[in-house]
Amino acid sequence: MCRHNKQVKLKDKKNSIGVFPLFGKIKKVFSKFIEKASTFLGAREKLDVILEDFKFSLIESDVAYECAEYIISSLQEEIDRGNIRDKEDLVGKLRELLISLFREAGNLDIFEEARKYKPYKIVFLGVNGVGKTTTIAKLAVAYREKGYKPLMVAADTFRAGAQEQLKFHGQRTGISVFMGKYGADPAAITFDAIRYAENRGYDIVLIDTAGRMHTDIDLVNELKKLIRVSKPHRKILVVDALTGNDAIEQAKFFDEYIGVDGVIVTKVDAYEQGGVPLSIVYAIRKPIIMIGVGQEYKDLKPFSIDEFVNKILPNIY
Ligand SMILES: Nc1nc2c(ncn2[C@@H]2O[C@H](COP(=O)(O)OP(=O)(O)OP(=O)(O)O)[C@@H](O)[C@H]2O)c(=O)[nH]1
Ligand SMILES: [Mg+2]
């Protein structure tokens, strides 16, 4: 579960296309299923076997078991109702199903929303090494590009090096960092940081928290205190796509114990399986707001439902 500062080598970046450069595995699973199933739409017994295979292939692509079951049973229902007669119907129904899953989770635009509050405060949550600090630096740069004045807050007073990491990003980007002392109370630092931001006209306060092992209840209590004191407008969970099922478990845990408003999925540039965004949305019904696609500041993109669905389903029209 706990992965510390995992370095990810970018895979053949030159050849990556679009926002989701890889996702090869889940794409293959869908197209293989569509090819097979569309030739057996009239043969129920054979089709049930194909659907069962599809379920397990989805699970191997990081689609959570319950989510895979939901997809299969929804398809079965549509077939029973006579709504799927050919390949075009099948792709169409899959598209509808996936899009509605994402849409039901709502959407959150943290750039648009920032216009309503000053300062606009976001707390970032997530276990060790998922990419919280890097994501905060990327977001700070993005906010600055849109004309806002951001402040990054190093509320991770637990891990040696955490403050320096944010300071390093501050030096590279020229964006201000508010630091506390090691071992100090993260809630107190955050409180001071917000006062500082209010007094100096900052528009955005991005609060970096310690990488928490999600089983550590003491640290969760510390996070709850930080949230009570800082009253953030949003609590954003950061997960690492490469951790697959762990990312889904983390989402469930943080949503249950702390409450999550939206999710950022990182390391999508090195991610083949593809199922994590779908499974997270199914598990906690909260939107994926952005994805991390590399280690540079520009490598943070808005998550687009259409782009995701177009990437994993074959285009037969
Ligand atoms: N390839 C790739 N690497 C990323 C991405 N996001 C973060 N990383 C890398 O992941 C590693 C860990 O990132 P950090 O930002 O330090 O993670 P963290 O969650 O702050 O870690 P802790 O402070 O230890 O909890 C770094 O080497 C980052 O460069 C991404 O979208 N793609
Ligand atoms: Mg960090």
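Atoms within each ligand, like the ligands themselves, are counted from 1 in listed order.
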- atom 31 (O) of ligand 1: of Met290, Lys267, His169, the nearest heavy atom sits on Lys267
- With heavy atoms only and a cut-off of under 4.0 Å, state how Thr133 meets ligand 1: side chain, backbone, both or neither. both
- Salt-bridge present (Glu78, Lys93; N to O < 4.0 Å): yes
- Decide whether a cation-pi geometry holds between Lys132 and Phe124; the criteria are a distance under 6.0 Å from NZ or CZ to the six-membered ring centre and an angle within 45° of the ring axis. no
- Side chain proximity check, Tyr117 to Asp203, heavy atoms < 4.5 angstrom: no
- For Tyr271 and Asp62, does a side-chain donor sit closer than 3.5 Å to a side-chain acceptor? yes
- Task: With heavy atoms under 4.0 Å as the rule, classify the contact between Lys138 and ligand 1 as side chain, backbone, both or neither.
- Result: side chain
- Task: Evaluate the side-chain proximity of Val63 to Val276: yes if any heavy-atom separation is below 4.5 Å, no if none is.
- Result: no
- Message: Using heavy-atom distances only, which candidate in Gly131, Ala137, Gly126, Ala210 approaches atom 17 (O) of ligand 1 most closely?
- Response: Gly131
- Message: Check this for me - ligand 1, Gly292, N or O atoms closer than 3.5 angstrom, yes or no?
- Response: yes
- Query: Is the closest side-chain heavy-atom distance between Val153 and Leu206 below 4.5 Å?
  - Reply: no
- Check whether any N, O or S atom of Thr133 sits under 2.8 Å from the Mg ion (ligand 2). yes
- Message: Is there a path of hydrophobic side-chain contacts, each under 4.5 Å between heavy atoms of I/L/V/M/F/W/Y residues, joining Tyr70 to Leu75?
- Response: yes
- For atom 26 (C) of ligand 1, state which one of Leu242, Thr135, Val265, Thr134 supplies the nearest heavy atom. Thr134
- Message: If we count only N and O atoms by modelled type, under 3.5 Å, do the side chains of Thr173 and Tyr297 hold a donor and an acceptor together?
- Response: no
- Item | Gly294 touching ligand 1 at heavy-atom level, < 4.0 angstrom | yes
- Item | Numbered atoms and elements of ligand 1 in range of Asn128, under 4.0 angstrom, heavy atoms | 25 (O)
- Query: For Asp208, is at least one N or O under 3.5 Å away from an N or O on ligand 1?
  - Reply: no
- Using distance alone, determine whether Lys132 and ligand 1 share an N or O pair under 3.5 Å. yes
- Message: Taking 4.0 Å as the limit for heavy-atom contacts, which would you say applies to Val293 with ligand 1: side chain only, backbone only, both, or neither?
- Response: backbone
- First locate atom CD1 of Ile99, then atom CG of Leu94, and finally report the distance between them rounded to the nearest 0.5 Å. 11.0 Å
- Task: Could you list which atoms of ligand 1 come closer than 4.0 Å to a heavy atom of Gln165?
- Result: 16 (O)
